[in-house]
Enquirer: 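Structure provided below as C-alpha cells; questions to follow.
Chain naming here is simple, since letters A, B, ... match the order of the sequence lines and numbering starts at 1 in each.
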Protein chains: 2
Amino acid sequence: MSSAVSDTRRSSGPEIADALAEAIFAGEYEPGDFVPKELDLCKRFGVSRSTVRSALQTLVAAGLLVRISGQGSRVRALQEWHLLDPRVSGWMARFAQPNPRIQREIFAFRVAVEPYVARLAAESATAADLLAIESAYQGMIRALEHEDLHWQGVSHDDYDVAFHEAIFAASHNLVWAQISHVLKPAIALLVERSNHSAVELNDSMERHRRVMEAIRLRQPDQASEAALAVLERTGRDLGLADLIPRVPSIEVPTTVSTTTEKEAL
Amino acid sequence: MSSAVSDTRRSSGPEIADALAEAIFAGEYEPGDFVPKELDLCKRFGVSRSTVRSALQTLVAAGLLVRISGQGSRVRALQEWHLLDPRVSGWMARFAQPNPRIQREIFAFRVAVEPYVARLAAESATAADLLAIESAYQGMIRALEHEDLHWQGVSHDDYDVAFHEAIFAASHNLVWAQISHVLKPAIALLVERSNHSAVELNDSMERHRRVMEAIRLRQPDQASEAALAVLERTGRDLGLADLIPRVPSIEVPTTVSTTTEKEAL
DNA sequence: TGATCGGCTATGTCGGACATAGGATCGGAT
DNA sequence: ATCCGATCCTATGTCCGACATAGCCGATCA
C-alpha cells in the first residue's frame with residue numbers, strides 16, 4: 001500500500017507536498033483519515049521534521065488537511081478544499097483526472113463564466129489585449145501547420161490555454177484574472193484530452209476565431225455566444241455536452257434599468 | 001515607522017501572519033520591498049525562528065511574498081496575490097478598506113455572479129437549502145425586532161452574510177460554493193458599511209425576501225432579477241451604483257438550443 | 001578593463017529538546 | 001455498578017543552536 005509516496009531522493013519542500021497531495025487525490029487517504037505522523041514522514045522521505053512540517057503546512061494552507069495538536073493531521077472534507085488555490089487546481093488537474101464529479105462541476109463553471117468574461121473583454125479590451133489574444137491564436141495556427149514539430153517546445157495546447165488566459169486578462173478585473181489562473185490547469189487538462197482529428201480542429205479554430213473577432217469589434221453579445229460555442233465543442237468532445245443548454249452563461253438582465261449599451265471609449 | 005507591528009505578547013502563529021499582512025496591506029511594505037529578515041521578526045515578536053518562518057510561509061502561500069534564499073522576503077506585485085484565498089480575502093476586507101479600486105472590482109464581480117448563482121439555486125435548491133436560507137432570513141428579522149440586543153452575539157449583519165452564503169451553497173456546485181467562502185469577508189464588509197436607516201432596512205429586507213421566494217418557487221429568472229435588486233440597493237448605499245447597469249449578470253443565451261425549463265425532481 | 005574568485009547575508013535544512021493539547025485509560029467516590 | 005475526575009500517552013507546537021546553500025557584492029588578478 002501507499003506505493004505513490006516512497007521516494008527517498010532529496011526533493012526538498014514542494015515535492016513532498018506534491019507526493020502527499022497525490023496520495024490524497026488518489027484516495028489513498030480519504031476525508032477523515034489521518035496521514036502518517038510527522039516522524040514517519042521524516043523516515044519515509046529521509047528529511048528532517050522541519051521539512052516535513054513545511055510540506056504539511058502547504059497542505060494546510062490548501063485546505064486539504066487540519067492539524068490537531070496531539071492527534072495528527074486529518075484529511076478534510078472535499079467541500080473544505082481550497083479549489084480556487086492555483087496549487088490545488090494544479091494538483092486536481094494532474095491527479096484527479098478520473099474524478100468525474102469535479103470535472104463536470106468545473107466545466108459547468110466554465111460554461112457559466114467564460115461567455116461572460118468574453119463579453120467583458122469585448123467591452124474593454126485594449127490593443128495590447130488584442131495582441132495577446134491574436135498571438136495565441138496565430139500560435140495555434142502555426143502549431144497546426146508544422147504539426148509534428150512543436151514550435152520551440154510550445155504546443156498547440158499551450159497556445160490554446162494562452163488564448164483563454166488572454167481573454168480573462170482582457171476583462172480588466174482583478175477577480176476574473178485570478179480565476180483564469182485557477183482555471184488554467186483545468187483548461188489545460190480538458191484541452192489536451194479533447195479530440196484532435198483534423199475536422200474537429202478546424203471547427204475548433206473557427207470557433208476560436210469568432211470569439212477573437214467579436215472581441216476586436218466590440219460586440220459583447222457575439223463574443224458571449226462565440227465563447228459558448230467554443231465550450232460546446234469541447235463539451236461534445238468530452239461527453240459533457242449535457243451541461244451546455246441547462247447551465248447558461250451569465251446574463252444581461254432585460255430589466256427597465258438597463259441603459260443603452262454604452263460604447264465606451 | 002512600522003508602528004503597526006510592535007506587539008510583544010505571545011500570539012503564536014496566525015497573529016504574526018496577520019500583523020505582517022496588515023502592514024503590507026497598509027502599504028508599509030510596498031511591492032518590491034523586503035520585509036524584515038527572520039531574525040529581526042523574531043526579536044520584534046519575541047518568538048523563535050520556527051514560528052516566524054511558519055508565519056512567513058503562510059504569506060508565501062497567500063502569494064504576498066516570495067522568499068529568495070540568501071536575500072530576504074520580498075513583497076510581490078498586486079496581480080500575483082491570491083485574492084481568491086479566503087485568508088487574503090479576509091485581510092483585504094479588514095485592512096484594505098480604503099482601496100476603492102479593489103472594492104469596485106469585487107463589487108462588479110458580485111454583480112455578475114450573484115444573480116446567476118441565485119438562478120442556479122432556484123433550479124436545484126433542496127428543502128435543506130431552503131431551510132438554511134430561511135433561517136438566515138428569520139434571523140435578520142429577529143435581529144431587527146430586538147434591535148439593540150444582538151441575538152446571542154449574532155448580529156443582523158451576520159445573518160445577512162449567512163443568507164448570501166446559503167444561496168451559494170444551494171447552487172450545489174463545488175466551485176461556486178468556494179467562491180462564496182472567498183466573497184464572505186467582502187460581503188461582510190459591505191453589509192456592515194451599508195446604511196442602516198429604518199426605511200432602507202425595510203426595503204433591503206423586502207428585496208431579500210423576493211430572492212428567497214423565487215428560489216423556493218423554482219423561478220430562476222425572478223431569482224436572478226431579485227438578487228440583482230439586492231445588490232442594487234447595496235450599491236446605491238455605497239456609491240457603487242454605476243456598476244449595476246453596465247456590468248450585467250450571467251446570461252441565459254436565447255439561442256435555439258435552449259430546451260424548455262426542466263422541472264427537476 | 002573585465003572576468004574570476006572569495007566573502008557576506010539571509011534563507012533552507014538539520015537534530016534534539018521541551019511544552020502543550022486532546023484522547024484514552026485507570027482509578028476512586030457515590 | 002455507574003459516573004466522574006486525575007493521570008498517562010501520543011503527536012503536534014515551539015524553542016534552540018548549528019551548518020549548508022543560494023545569490024549578491026566587492027576585491028583581486030590577468
Enquirer: Please report, rounded to the nearest Å, how far the P atom of C/dG12 is from the CZ atom of A/R49.
Expert: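 Whole-Å distance recorded here is 19 Å.
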Enquirer: Give the nucleotide from the list D/dC15, D/dT12, C/dT13 with an atom nearest to the side chain of B/S50.
Expert: D/dC15
Enquirer: Between C/dT20, D/dT21, D/dC16, which nucleotide has the shortest distance from any of its atoms to the side chain of A/S69?
Expert: C/dT20
Enquirer: Would you please confirm or rule out a distance under 4.0 Å between OP1 or OP2 of D/dT12 and any side-chain N or O of A/S73?
Expert: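 Answer yes for this pair, as a side-chain N or O of A/S73 is under 4.0 Å from OP1 or OP2.
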Enquirer: Taking atom types as modelled, is there a side-chain donor on A/H164 or A/E114 under 3.5 Å from an acceptor on the other?
Expert: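 Short answer, yes.
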Enquirer: B/L56 has an atom CG; how far is it from atom P of C/dA10, in whole Å?
Expert: 14 Å
Enquirer: Using whole Å, report how far NZ of B/K37 lies from C1' of C/dT9.
Expert: 7 Å
Enquirer: Side chain of A/R67 only, heavy atoms from C-beta on: which candidate in D/dC16, D/dG13, C/dT11 is closest?
Expert: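 Nearest listed nucleotide: D/dG13.
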Enquirer: Atom CD of B/E38 to atom C1' of D/dC16: distance rounded to whole Å?
Expert: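 In whole Å, D/dC16 C1' and B/E38 CD are 14 Å from each other.
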Enquirer: Given D/dC15, C/dC14, D/dA22, which nucleotide is nearest the side-chain atoms of B/T51?
Expert: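 Nucleotide nearest to B/T51's side chain: D/dC15.
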Enquirer: Can you figure out which of C/dG12, D/dT14, C/dG15 approaches the side chain of A/R53 most closely?
Expert: D/dT14
Enquirer: Between A/R67 and A/E38, is there a salt bridge with N-O shorter than 4.0 Å?
Expert: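 Yes, this pair counts.
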Enquirer: Give one of base, sugar-phosphate or nothing for B/L39, where a contact means two heavy atoms less than 4.0 Å apart.
Expert: nothing
Enquirer: side-chain hydrogen bond (donor to acceptor under 3.5 Å, both in side chains), that's the test. Do A/D160 and A/H156 meet it? Break it down for me.
Expert: CA-CA 6 Å; A/D160 195 338; A/H156 175 83; 4.6 Å; no
Enquirer: Nearest to the side chain of A/Q71, which nucleotide is it out of C/dT11, D/dA11, C/dG23?
Expert: C/dG23
Enquirer: Please determine if B/R110 and B/E105 form a salt bridge, counting it only when a charged side-chain N lies under 4.0 Å from a carboxylate O.
Expert: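 Salt bridge: no.
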Enquirer: Rounded to the Å, how far apart are B/I68 CD1 and D/dC24 P?
Expert: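 To the nearest whole Å, that distance equals 8 Å.
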